[in-house]
Every structure is written in structure tokens, then in C-alpha cells.
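Report on the structure given below.
Reckoned from all heavy atoms, side chains included, excluding hydrogens, waters and symmetry mates. Source: prediction; values computed, not measured. For ligands, and for the atoms within them, numbers begin at 1 and follow the listed sequence.
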Amino acid sequence: MKAKEKQIAVLPGDGIGPEIMAAGLEVLAAVSQHSDFSYETEFLPFGGRGIDEAGDPLPAQTLAAAKQSHAVLLSAIGGPKWDNSPRRPEQGLLEIRSALNLFANIRPTRVSDIQIDRSPLKADIVRGTDFVIVRELTSGAYFGKPRSLKTDEAIDTIYYSQNEVERIMRIGFDLADQRKKKVTIVDKSNVLATSKLWRQVAASVAAQYPEVEVEYRYVDAMSMAIISQPANFDVVITPNLFGDILSDEAAEITGSIGQIPSMSAGEDGPNLYEPIHGSAPDIAGQGIANPISMINTVAMMLRESFQEGELAQVIEAAVDATIKDGTVTPDMGGKFTTQEVTNHIIDYIDGAYTK
Ligand SMILES: NC(=O)c1ccc[n+]([C@@H]2O[C@H](COP(=O)([O-])OP(=O)(O)OC[C@H]3O[C@@H](n4cnc5c(N)ncnc54)[C@H](O)[C@@H]3O)[C@@H](O)[C@H]2O)c1
């Protein structure tokens, strides 16, 4: 008998969003056929589609269904169509993170041996890179008050409470405990008061994880270290603003943003899973979007929200095999379509169960 069904709120979004979401869901259906994992999906408008259908990037019906779900699966949102709209699609993202209290954003950066040549870094520097950036997502410079813009002056405020720092530290230390047991704390504590608090709280949380090695780096030094010694890191914990910048730098060293998943988590309630890239309006509708980011996102959801690590592994192995044999979309130097890559990955998945 199949286990109790899991509810997944599906937000296909805009641009290439629906194309790669379809691919991710085909792969999810393929692995679940071979296992006990059983789920239901509910498709909901969000982003530009939310504006078109309900006049709101995060329609009330979408938020209500997301809150009731076990996981939220999002593709990507935005596009030129809404550039001059009074409410922009991207506002929906800030609103859903805040409404679901998703204060931790987790982004893996892994360069496997088969992808080494795609990295802009030299092979001997990038080999073995496998780290995760844990970025605080709902406070810091993007939310602090006061904030204002006048013609001759502007104000932004960085605010962190001890509680906000402590909960993100716990997420990062717990993760390191399950991985390579090393945490890198990023701050600017030689200048910023919030960074001094960040470091104090980090030290008190670290005392509760004696197995985990801790190092501290200033954000400027860290931005250099990500490209000079990326294989040295395991879990990197950063405030919101620094994490926004460092996580894009880290994505770049993998050689393609069309492969990387991410997860946003809170203390309770559903996590939100999404590829790190945008809606790629330049290639939308052409059938050539790289589905691997969405497929890896589905794997991350299975592992983190549904404790289906084995299914996640089967998907990731099928993705690796597909990249290895060159069945990839143009952004990765191939000539295959979204559907062809997806079919190929599903063939590898089916093959893994018929061996
Ligand atoms: N979380 C999100 O939904 C999110 C994130 C970033 C940008 N956006 C929005 O997306 C829109 C486009 O933004 P952008 O062009 O700056 O960034 P983008 O990430 O959409 O695209 C950057 C480049 O990467 C390529 N690319 C991205 N994903 C790809 C994939 N899966 N396969 C192949 N190529 C891929 C695009 O074709 C483009 O050349 C904007 O409206 C922006 O606000 C949304």
C-alpha cells in the first residue's frame, strides 16, 4: 500500500518556468512509480501569472494553499511584460518568504568531475568543490528600518536580533553536522556592529557543536577565497546582503546557472524549493531551457521535505549520467531540447530500477 499522500503546491511561474516545471514533475512521477512515495499536486498562479489572473503576484488562494502544503515547488517568475506593472512579480517572492517565515536560504555549490571543464576556474582549483551557502533571508539590510530615498540623501538600515542570528546559525551547524563538519562564518566584524553580534552568537552556538570545526572570514576575503580555494568549504553561513552576492559568485564557478537548486526553510511549515535562476525570457517558448535546475530542485525537495534521500540519489545519478554522455541543452554546450534531456534522464531512472 502507498504511504499517505504528500501535498505539493506547484507554482509554475513565468517565462521558462512552466516548461521546466513540467520536466521536474515528469521526473518526480517517474521516480515515484518505482517507490512508495505518493503525492498530490495543486497548480497555483504566482508572480506575473498571479498578476494576470488575480491582480496580485501572491494571490490569497495561492498563499492559503502553500500554507496547507507539505512543500512548495516554484519555477521562476518575472519578465518584461510586467516591467511597468504597479506590482512586480518579484514582490510575490518577498511576500511568500515572509508569510511562510522562510528565514534560511540554502544553496549548494557542487562541481562534479564530469563538469569540471565547464567551470571558469582551473581544474586543479575547482576539483572537489562541494559546499553549501546558508543565507539569512528575512532580515538584515533588505528589511531594516528606517529606509528612505530623497533627492540628496538615502538611508538603508542593517538590523539583526540575537534570535534571528541564532536560528540561522543552528540551521547551518545542523547541516554541517550531517556533512563535512566545517562551518565558515562570514561577516564584516571589523566594521559593522551587526557583524560583531553575528560573531558573538556564532561562538555561543559553536560551543554546542564540539564536532564541528569553525572558521571566521570577512566578506571581502571570502569573495576572494570562493574563487581561489573553493574546495576548502563545507557550510558557509552569511547575513542576507553578503549571501545574496556570494551565492551568485559561487553559482558562477559551477559553469551553468541552469543546474542549481535552492531551498528556503523556516522553523515549521513547508519549505520552498526553486532553481536559482530567473524566468529567462530570452529563451522562453523555444523548448531549449535547461530542465536540470528544476530536476535537481525536485531531488532536493524529496531529500529535505520528504526524507526520500534514495529517490533523490537516483535522480542525481541520472542527471550526472545525462551530463556525462552530452545529452544537454545549448546553455551547457549541447544541442538537445528540454524534452529530450528530460526523456533521457527518465530513461536512466527507469534503467536504475530494472538492473
Ligand atoms: N527567483 C526568481 O524567480 C528570479 C530570480 C532571478 C531573476 N528573476 C527574474 O527573471 C527575469 C529574467 O532575469 P535575468 O535575465 O536577469 O536572469 P535569468 O536567470 O532569467 O537569465 C540569465 C541568463 O541565464 C539563462 N538561463 C537561466 N536559466 C536557464 C535555464 N534553465 N536554461 C538555460 N538558460 C538559462 C538565460 O537564458 C539568460 O541568458 C527578470 O524578470 C528577473 O526579475 C526571477
(Q) Does only the side chain of I20 get under 4.0 Å from ligand 1, or the backbone, or both, or neither? Count heavy atoms. (A) neither

(Q) Quick check on atom 24 (O) of ligand 1 - does any protein heavy atom sit closer than 4.0 Å to it? (A) yes

Q: Among all protein heavy atoms, pick out the one at the shortest distance from atom 3 (O) of ligand 1; state its residue, atom name and that distance to 0.1 Å.
A: I77 N, 3.0 Å

Q) Is the side chain of T238 donor-acceptor paired with the backbone N or O of G243 at a distance under 3.5 Å, no angle test? A) yes

(Q) If I apply the N/O under 3.5 Å rule, does G78 come out as touching ligand 1? (A) no

(Q) Looking at D14 and K81, is any side-chain nitrogen of the basic one under 4.0 Å from a carboxylate oxygen of the acidic one? (A) no

Q. Under 4.0 Å from ligand 1, counting heavy atoms only, is it the side chain of D282, its backbone, both or neither?
A. side chain

Q: Run through Q68, H70, E40 and flag the one making a side-chain hydrogen bond (donor to acceptor under 3.5 Å, both in side chains) with Q7.
A: E40

Q) Do any non-hydrogen protein atoms sit less than 4.0 Å from atom 13 (O) of ligand 1? A) no

**Q.** Proximal atoms of ligand 1 relative to A76 (non-hydrogen, under 4.0 Å)
**A.** 3 (O)

(Q) Under a 3.5 Å distance rule, please check whether S139 uses its side chain to pair with a backbone N or O of Y159 as donor and acceptor. (A) yes

Q. What distance do N190 atom CG and K196 atom NZ have between them, rounded to the nearest 0.5 Å?
A. 7.5 Å

Q) Is there any N or O on R88 that sits under 3.5 Å from an N or O of ligand 1? A) no

Q) Among protein heavy atoms, which lies nearest atom 22 (C) of ligand 1, and at what distance? A) I257 CD1, 4.2 Å

Q) Any idea which protein heavy atom is nearest atom 29 (C) of ligand 1, and the distance to it? A) I16 CD1, 4.0 Å

Q: Grab the two heavy atoms, one from N290 and one from S293, that are nearest each other, plus how far apart they are.
A: O-OG, 3.8 Å

Q) Backbone, side chain, both or neither: what part of E274 comes under 4.0 angstrom of ligand 1, heavy atoms only? A) side chain

Q) What protein heavy atom sits nearest atom 42 (C) of ligand 1, and how far off is it? A) E90 OE2, 3.5 Å

Q. When hydrophobic residues are tied together by side-chain contacts of less than 4.5 Å, even through go-betweens, does I106 share a cluster with V183?
A. yes

(Q) Checking a contact table here: which protein heavy atom is nearest atom 41 (O) of ligand 1, and how many Å away? (A) G79 N, 3.0 Å

**Q.** Region of I283 engaging ligand 1 - heavy atom pairs below 4.0 Å
**A.** side chain

Q: Please confirm whether T329 comes under 4.0 Å of ligand 1, counting heavy atoms of the residue only.
A: no

Q) Which part of I288 is near ligand 1, with near meaning a heavy atom under 4.0 Å away: side chain, backbone, both or neither? A) neither

Q | R303 side chain vs E308 backbone, donor-acceptor pair below 3.5 Å | A | no

Q. Just by modelled atom types, is the N296 backbone N or O under 3.5 Å from a matching donor or acceptor in the E316 side chain?
A. no

Q. Is L246 reachable from L241 through a run of I, L, V, M, F, W or Y residues, each pair having side-chain heavy atoms under 4.5 Å apart?
A. yes

**Q.** Closest candidate by heavy atom, reference atom 15 (O) of ligand 1, pool G48, P281, G278
**A.** P281

Q. Among protein heavy atoms, which sits nearest to atom 32 (N) of ligand 1, and what does the distance come to when rounded to 0.1 Å?
A. N290 N, 2.8 Å

(Q) Return the closest protein heavy atom for atom 11 (C) of ligand 1 as residue, atom name and distance. (A) S279 OG, 3.3 Å

Q | Side-chain (T62) to main-chain (L58) donor-acceptor, under 3.5 angstrom | A | no

**Q.** Test side-chain contact (heavy atoms from CB on, under 4.5 Å) applied to R110 and T254, step by step
**A.** CA-CA 7 Å; R110 188 171 73 94; T254 68; over 6 Å; no

Q | Where ligand 1 meets A289 - atom numbers and elements under 4.0 angstrom, heavy-atom basis | A | 32 (N)

Q) Is the closest N or O pair between A280 and ligand 1 shorter than 3.5 Å? A) yes

